[in-house]
Amino acid sequence: MMDMIALQALAEGYARAPSPEGLDAAAQAALPLCAQVARRFIGRGAEYDDLVQEGCLALLILVPKCPDPQWLALFLKNHLPGYVRDAAA
């Protein structure tokens with residue numbers, strides 16, 4: 001499971017000083033969530049690896065869009081499945 005405290009710290013660091021390295025670190029911290037969401041959509045038309053890859057791309061889109069870094073984990077939990085679901089169809 002995702003380490004919420006580490007993810008929050010990385011998100012706050014990215015919010016203070018946006019950089020590609022900060023975005024990459026926050027996205028890597030959320031990879032377990034991405035894999036969990038991809039498992040939910042197996043068998044709906046796309047391979048598991050493709051769904052994980054689509055989820056990783058969605059993380060790079062969603063992390064900068066989060067309005068409050070303190071709520072990044074909840075923001076990703078609510079928005080990431082939509083991106084993966086669209087890729088599965």
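FYI, the numbering just counts along the sequence from 1.
- The nearest pair of heavy atoms linking Val84 to Phe41 is CG1-CD1, 3.7 Å.
- Counting heavy atoms from C-beta on, the side chains of Gln53 and Asp49 never come closer than 4.5 Å.
- Rounded to the nearest 0.5 angstrom, Leu31 CG and Gln36 CD are separated by 13.0 Å.
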Run the side-chain contact (heavy atoms from CB on, under 4.5 Å) test on Leu51 and Val37 for me, step by step, so that the C-alpha distance in whole Å, both residues' side-chain angles and the decisive distance to 0.1 Å come before the verdict. CA-CA 9 Å; Leu51 295 174; Val37 169; over 6 Å; no
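- When all heavy atoms are compared, the tightest approach of Ala58 to Leu80 is CB-CD1, 3.6 Å.
- Hydrophobic cluster membership is shared by Phe75 and Ile61, with clusters built from Ile, Leu, Val, Met, Phe, Trp and Tyr side chains linked at under 4.5 angstrom.
- The closest side-chain heavy-atom distance from Trp71 to Gln8 is not below 4.5 Å.
- Contact record, Pro64 with Leu59: CD-O, 4.3 Å, taken as the closest heavy-atom pair.
- A distance of 10.0 Å separates CD in Glu12 from CG in Leu7, rounded to the nearest 0.5 Å.
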Go through the steps to decide whether Val52 and Cys56 satisfy the test side-chain contact (heavy atoms from CB on, under 4.5 Å), and finish with yes or no. CA-CA 6 Å; Val52 171; Cys56 291; 4.2 Å; yes
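- Contact between Leu76 and Ala30 at its shortest, heavy atoms only, is CD1-CB, 3.8 Å.
- Remark: side-chain polar atoms of Asp50 are not paired, donor with acceptor, to backbone N or O of Ala46 under 3.5 angstrom.
- Separation of atoms CG (Leu72) and CG (Leu62) is listed at 9.0 Å; rounding is to 0.5 Å.
- Nearest heavy atoms, Tyr48 versus Ala35: OH-CB, 3.5 Å.
- Aromatic pair Tyr83/His79: centroids not less than 6.0 angstrom apart.
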